[in-house]
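Single-structure report; data block below.
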Amino acid sequence: MLTFSDNKAGMSGLDKDKITKIITENTSASYSNFSQKKQQKLEERIKEIKSRLESATAAERASAQKSMDEMMEDLESERDLTRHYVCVDMDAYFAAVEMRDDPRLRTIPMAVGSTSMLSTSNYLARKFGVRAAMPGFIAKKLCPELELVPGNYKKYSKVSREFSQIFAEYDPDMSMGSLDEAYIDITEFVEERREPRKISRKRFGGDCICRLPIIKPEEITESLEGSKITEKCAKCQKERIIYEDLVEFGVGRAEIVREMRFRVEQATGLTCSAGIASTFRLAKICSDFNKPNGQFELPNDRQEILHFLKDLPIRKVSGIGRVSEAHLQACGISTVGDMLEKRAIFPLVFSLLSQESFLRTALGLRGRPSSGDPKRKSVSVERTFGGTSDENLLKDEHRQICEYLFIDLGKNGIRGGKTITLKLKLASFDVLTRSLTPGKLITSLEDIYGFSMELLAKELGQEIRLIGVRLSQLTFLDEENQEVAKKTQKSVVEFWNEAKRKRRELAESDDFRILTTSSENPTTSCVVPTTHYIAPMTSSTAPFAFYKMKSSGDLPTSSKSPMTFGARSTSSRAILTPSKASPTSSGKISSPSKAAKSSPRATYRPPFMYIKPTSSAASMSSVGTLTSSEAPVTSSRAMLMPSTAPTKCSEAPTSPKVLFSVPEADTSSEDLFSSPPALKPSGIIFAFPTDPSPSGDLFTSPPAITSSDDLFTSPPAQTSSGDLFTSSEALPTSSNTEKVPCPICSLQLPNDDVIVNRHVDECLNKGLLYNDVIIPKKTSTSPKKMLKNKKAKKTVTKSSIEKFLTDFHLMTPFPKLTSPSTALTSGRRRLPVN
DNA sequence: GCGGATCAC
DNA sequence: TATGGTGATCCGC
Ligand SMILES: Nc1ccn([C@H]2C[C@H](O)[C@@H](COP(=O)(O)OP(=O)(O)OP(=O)(O)O)O2)c(=O)n1
Ligand SMILES: [Mg+2]
Ligand SMILES: [Mg+2]
């Protein structure tokens with residue numbers, strides 16, 4: 001079983017059997033099944049290995065022996081005993097930080113984590129068998145007094161930065177293997193250090209026990225007593241005595257490492273352990289040898305090294321885990337010494353790389369030279385939740401994960417990745433990954449969500465307990481754009497979530513309701529004050545959508561609210577519209593196109609704006625598009641933007657607002673996501689007539705409702721109210737006409753592609769529409785698609801459209817926030833090669 | 001390129 | 001009640 005292995009420091013002679021028993025007794029059926037399944041596979045593999053060993057012919061064995069001996073000779077020739085490598089590893093790191101900051105925890109068994117999962121435990125708790133990666137509730141059974149402390153990763157990162165700076169003084173190329181582990185090449189420093197060095201030491205006494213290290217009574221000498229300083233602790237209000245003296249550190253690598261460790265403790269109050277050897281790999285092993293708060297030096301001598309390795313259990317070697325250990329055990333190998341002795345077995349059983357890797361460990365040599373780039377290769381976000389097969393719950397989780405990933409991209413200066421991978425963990429704990437490499441860089445939240453949703457959609461129906469999304473084959477941002485992205489990507493996502501929250505709040509209020517298109521597919525919905533209604537966009541209603549804007553000061557960008565995103569003038573200049581459409585009392589309107597001719601151009605402001613992709617990161621951030629900064633025009637994608645709609649709907653609109661929907665787009669191109677779907681204006685929000693009717697404002701009175709094109713109706717749940725409005729009354733059911741409105745002048749046209757397209761072209765030529773705004777130039781066919789979108793080619797974009805609708809028309813309920821569980825967030829580099 | 005596995009921390 | 005998250009690498013297709 002996977003339950004208990006005793007690789008780590010801190011074991012007493014405690015009953016291993018008893019621990020194992022308690023663990024198995026408390027393990028759930030599903031997890032137990034999973035463990036057994038895995039164990040079974042392992043045993044099968046072991047059988048295979050054993051049978052392979054038996055079946056090997058003499059010739060095979062001889063060949064294997066020869067091959068390994070040759071390899072050994074090659075490797076031996078590269079042995080370098082001239083360098084001094086150090087691995088420093090903090091003791092019970094997360095736990096130690098918590099114990100430092102809360103003295104109460106110093107004397108009791110404790111662990112960092114939750115009842116679900118532990119990050120680590122202190123040494124007192126380890127005596128009970130409580131350790132990292134163990135569920136907290138099982139740990140509690142092993143040790144009922146165990147105190148659980150939630151993790152604080154920012155704090156651990158901060159402390160980590162503090163002590164890593166010390167190491168950097170000894171080796172500017174030092175690297176951190178994790179928050180608590182440093183790899184330091186002190187060769188040069190050792191050579192340069194010719195004289196001993198004295199360093200000040202502070203230790204603490206008195207009633208205050210906040211500061212570490214605390215001096216022991218027997219350590220207080222007369223001279224220390226003479227120079228002590230007392231002060232009042234700001235935290236516990238008790239008296240603190242500071243004893244200060246000097247400590248001398250000599251020359252040589254062991255002394256230098258003692259000095260580093262000393263300085264770490266002085267700076268942080270935390271202890272660490274270190275290993276010193278001729279390679280990083282050996283130093284790493286050595287760092288565990290005198291843990292906690294100790295160090296071990298392995299001389300740079302071949303014989304000493306081989307002797308050290310002879311009886312070393314293979315599991316102590318970094319890189320040999322539970323499974324490799326079992327495989328090697330199947331070959332009769334338990335110690336590194338065995339590895340060397342039985343090396344002739346390797347070619348019979350293991351891959352070439354494994355053979356070399358094993359031989360290198362057996363000889364105490366450095367790891368294989370690393371292959372180039374130290375850059376990050378992937379970025380991912382994953383989260384475990386209560387296992388479910390509920391589509392909506394899963395989609396919510398998925399969307400949040402994508403948002404986090406998008407934010408992380410920005411934070412880490414990453415533009416995007418070529419490959420996206422979806423990871424699922426089923427309720428059975430089985431893990432699946434599904435990946436996709438479209439022809440283009442995945443950069444925007446929409447693409448992250450859209451592509452991973454495609455992968456997810458195929459797996460729905462299973463009971464899932466974890467979703468993860470990863471981008472790999474990364475492309476990084478320029479220096480300057482990193483700064484922009486760092487700040488903006490997060491706030492953009494937050495904006496959208498705030499907008500969704502607000503929308504939901506409004507929708508729950510009695511003063512608002514959700515109206516949804518009934519004839520469009522997919523549907524579009526909008527929160528509307530109950531004092532207003534939505535009329536379909538038809539030739540008779542369209543003119544109401546267009547009202548004159550006095551100046552650019554009216555643009556939403558002028559809003560003081562930081563949560564209001566608006567269109568900037570140049571990128572969002574909306575389409576030209578007639579400014580003087582005026583309904584008659586009967587609801588009849590003068591012709592829009594005539595009005596346009598007789599009046600200066602005006603703009604209208606729809607509740608959702610369609611923003612043209614821009615090339616500059618700065619301008620993008622100012623309009624808040626949901627795309628990664630530095631995206632060039634060619635790969636960026638236009639976005640639906642809210643203007644004031646989500647946040648300002650609380651004020652009854654004084655002018656009609658246009659409701660847009662997104663038609664299915666032509667997907668013939670493989671570049672599905674670079675051409676934005678055209679927007680189709682499909683409705684207008686009007687106020688019900690008030691009493692008395694305002695005379696000045698044309699737009700507060702509704703037009704006659706004559707059209708029967710797209711219908712907006714309240715969802716069933718909301719129609720029962722005693723409103724004067726019921727959607728069925730106001731907007732009678734559709735009877736399909738054979739006409740379609742021109743999207744520009746709203747003239748009713750025969751439903752015929754040729755006629756419609758010609759008319760639209762004419763309209764465009766009249767300059768009624770700035771086609772660089774609502775229709776990006778690259779997609780010059782868009783206006784036609786706005787009318788004719790029935791023959792959409794297929795699926796992929798359809799799902800992306802649905803996603804647009806849920807995300808941007810804000811139909812999804814605001815999801816519950818689930819706090820990420822205990823984890824170490826910083827990535828770990830490969831152990832340095834030397 | 002993909003999917004499963006292993007490993008570290 | 002309850003078994004993590006992030007990143008890397010390797011193997012065998
Ligand atoms: N499965 C794991 C292992 C470790 N960690 C975190 C918590 C540890 O405190 C930190 C460092 O890991 P170590 O392996 O160095 O373990 P500790 O420092 O806790 O103990 P030790 O004294 O054995 O080094 O990483 C984790 O989150 N999950
Ligand atoms: Mg440690
Ligand atoms: Mg460590």
Side-chain angles (χ1 to χ4, degrees), chain A residues 2-3 7-8 23 26-32 34-35 38 41-42 45 89-90 92-94 112-120 131-141 148 151 153 156 160 176-181 284 315 317-327 350-354 357 367-368 370-371 373-387 401 404-405 408 412 418-425 427 429-438 455 465-474 819-831:
Chain A
L2 303 177
T3 45
N7 181 39
K8 272 297 200 184
I23 293 175
N26 287 283
T27 189
S28 72
S30 52
Y31 196 78
S32 172
F34 171 72
S35 306
K38 254 180 129 170
K41 271 190 186 164
L42 184 52
R45 176 79 183 112
D89 187 291
M90 304 301 291
Y93 184 48
F94 292 3
V112 177
S114 68
T115 54
S116 293
M117 185 52 57
L118 304 183
S119 284
T120 194
R131 52 204 50 249
M134 174 181 281
F137 72 94
I138 290 180
K140 277 278 203 183
K141 304 273 181 178
L148 294 182
Y153 308 99
Y156 311 144
S160 179
M176 295 297 288
S178 70
L179 284 189
D180 92 319
E181 212 164 290
K284 167 72 180 143
R315 191 64 165 78
V317 177
S318 174
I320 298 181
R322 187 183 67 92
V323 175
S324 300
E325 181 187 30
H327 289 174
F350 300 110
S351 72
L352 191 63
L353 247 99
S354 298
S357 164
R368 277 173 67 84
S370 102
S371 45
D373 250 331
K375 271 192 192 154
R376 190 128 67 138
K377 293 180 180 58
S378 74
V379 50
S380 66
V381 173
E382 66 192 56
R383 189 178 308 154
T384 295
F385 41 87
I401 286 162
Y404 272 115
L405 181 58
D408 267 14
N412 294 302
K418 285 200 182 77
T419 300
I420 189 163
T421 304
L422 177 77
K423 173 176 168 182
L424 300 179
K425 181 143 56 174
F429 291 93
D430 291 307
V431 174
L432 314 176
T433 61
R434 297 289 178 261
S435 63
L436 185 65
T437 308
L455 298 168
R465 80 188 324 272
L466 170 146
I467 295 178
V469 179
R470 176 166 78 247
L471 283 178
S472 47
Q473 308 224 100
L474 303 178
S819 62
S821 170
T822 64
L824 176 67
T825 49
S826 98
R828 177 190 165 76
R829 287 187 214 165
R830 186 181 189 267
L831 202 147

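Quick note on labels: first sequence line is chain A, next is B, and so on, each numbered from 1.
- A residue-by-residue look at A:Leu466 and A:Lys377 shows that A:Leu466 has its nearest nucleotide of DNA chain C further toward the 5' end.
- Contact between A:Val381 and A:Ile401 at its shortest, heavy atoms only, is O-CG2, 3.4 Å.
- The interatomic distance linking A:Leu405 (CG) with C:dG5 (C1') rounds to 13 Å, in whole Å.
- Side chains of A:Phe385 and A:Ile467 form a contact here, defined as non-hydrogen atoms less than 4.5 Å apart.
- Residues meeting the side chain to side chain contact (heavy atoms under 4.5 Å, CB included) test with A:Arg315, sequence neighbours left out: A:Ser5, A:Asn7, A:Arg322, A:Glu325.
- Under 4.0 angstrom from either OP1 or OP2 of B:dC7 there lies at least one side-chain N or O belonging to A:Ser324.
- Across B:dC9, C:dG5, C:dT3, the shortest atom-to-atom separation from the side chain of A:Glu181 is found for B:dC9.
- Across all non-hydrogen atoms, the minimal contact from A:Ser119 to A:Tyr153 is OG-OH, 3.9 Å.
- A:Thr437 has no side-chain polar atom (N or O) that falls below the 4.0 Å cut-off from OP1 or OP2 of B:dG1.
- At a threshold of 4.0 angstrom between heavy atoms, the contacts of A:Ala132 with the nucleic acid are absent.
- Among C:dG4, C:dT3, B:dA5, the nucleotide with an atom closest to any side-chain atom of A:Lys41 is B:dA5.
- Atom CZ in A:Arg368 sits roughly 15 Å away from atom C1' in C:dA8 (whole-Å rounding).
- Here the straight-line distance linking atom NZ of A:Lys425 with atom OG1 of A:Thr384 works out to 5.5 Å at 0.5 Å rounding.
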Tabulate atom names and distances for all N/O pairs under 3.5 angstrom spanning the protein and nucleotides 11-13 of chain C.
unit_1 : atom_1 : unit_2   : atom_2 : d
C:dC11 : OP1    : A:Ser351 : OG     : 2.3

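- Annotation: of the two residues near DNA chain C, A:Arg465 and A:Asn412, the 5′-most nearest-nucleotide partner is A:Arg465.
- Comparing B:dC9, B:dA8, C:dG5 by their nearest atom to the side chain of A:Arg315 picks out B:dA8.
- Nucleotide C:dA8 holds its C1' atom 12 Å from the NZ atom of A:Lys423, rounded to whole Å.
- A:Tyr93 comes within 4.0 angstrom of no nucleic acid atom, judged by non-hydrogen atoms across all strands.
- For the pair A:Met117 CE and C:dT1 C1', the computed distance is 14 Å after rounding to whole Å.
- One can place OH of A:Tyr156 at 17 Å from C1' of C:dT6, the figure rounded to the nearest angstrom.
- Nearest to the side-chain atoms of A:Glu382 among the listed nucleotides B:dA8, C:dG5, B:dT6 stands C:dG5.
- Atom NZ of A:Lys38 sits about 4.0 Å away from atom CZ of A:Phe34, to the nearest 0.5 Å.
- Look at A:Ser318 and you won't find any side-chain N or O under 4.0 angstrom from OP1 or OP2 of B:dC7.
- Here A:Phe137 does not count as stacked on C:dT1, because the ring centres are not under 5.5 angstrom apart with planes under 30°.
- Summary of the strand contacts: A:Leu432 and A:Val323 both lie near DNA chain B, and taking for each the nucleotide with the nearest heavy atom, the more 5' one is attributed to A:Leu432.
- Among all heavy-atom pairs drawn from A:Tyr156 and A:Tyr93, the shortest one is O-OH, 2.7 Å.
- For A:Arg434, counting side-chain heavy atoms from C-beta on, the closest listed nucleotide (B:dC9, C:dT3, B:dG3) is B:dG3.
- With B:dC2, B:dG4, B:dC9 as the choices, the nucleotide that has an atom nearest any side-chain atom of A:Thr419 turns out to be B:dC2.
- For A:Glu325 and B:dA8, the CD to P distance is 10 Å, given to the nearest whole Å.
- With contacts defined as side-chain heavy-atom distances shorter than 4.5 Å, the pair A:Ile23/A:Met134 qualifies.
- OP1 or OP2 of C:dG5 has not a single side-chain nitrogen or oxygen of A:Ser380 nearer than 4.0 Å.
- Atom CZ in A:Phe34 sits roughly 10 Å away from atom P in C:dG4 (whole-Å rounding).
- In terms of heavy atoms, A:Pro135 sits closest to A:Leu118 at C-CG, 4.4 Å.
- Atom P of nucleotide C:dC10 and atom CD1 of A:Ile320 are separated by 15 Å, given to the nearest angstrom.
- Between the side chain of A:Ser28 and the base of C:dT3, no donor-acceptor pair under 3.5 Å is found.
- Out of C:dA2, B:dG1, C:dG4, the shortest distance to the side chain of A:Thr115 is found at C:dA2.
- Dashed line: the shortest gap from a side-chain N or O of A:Ser435 to OP1 or OP2 of B:dC2 is under 4.0 Å.
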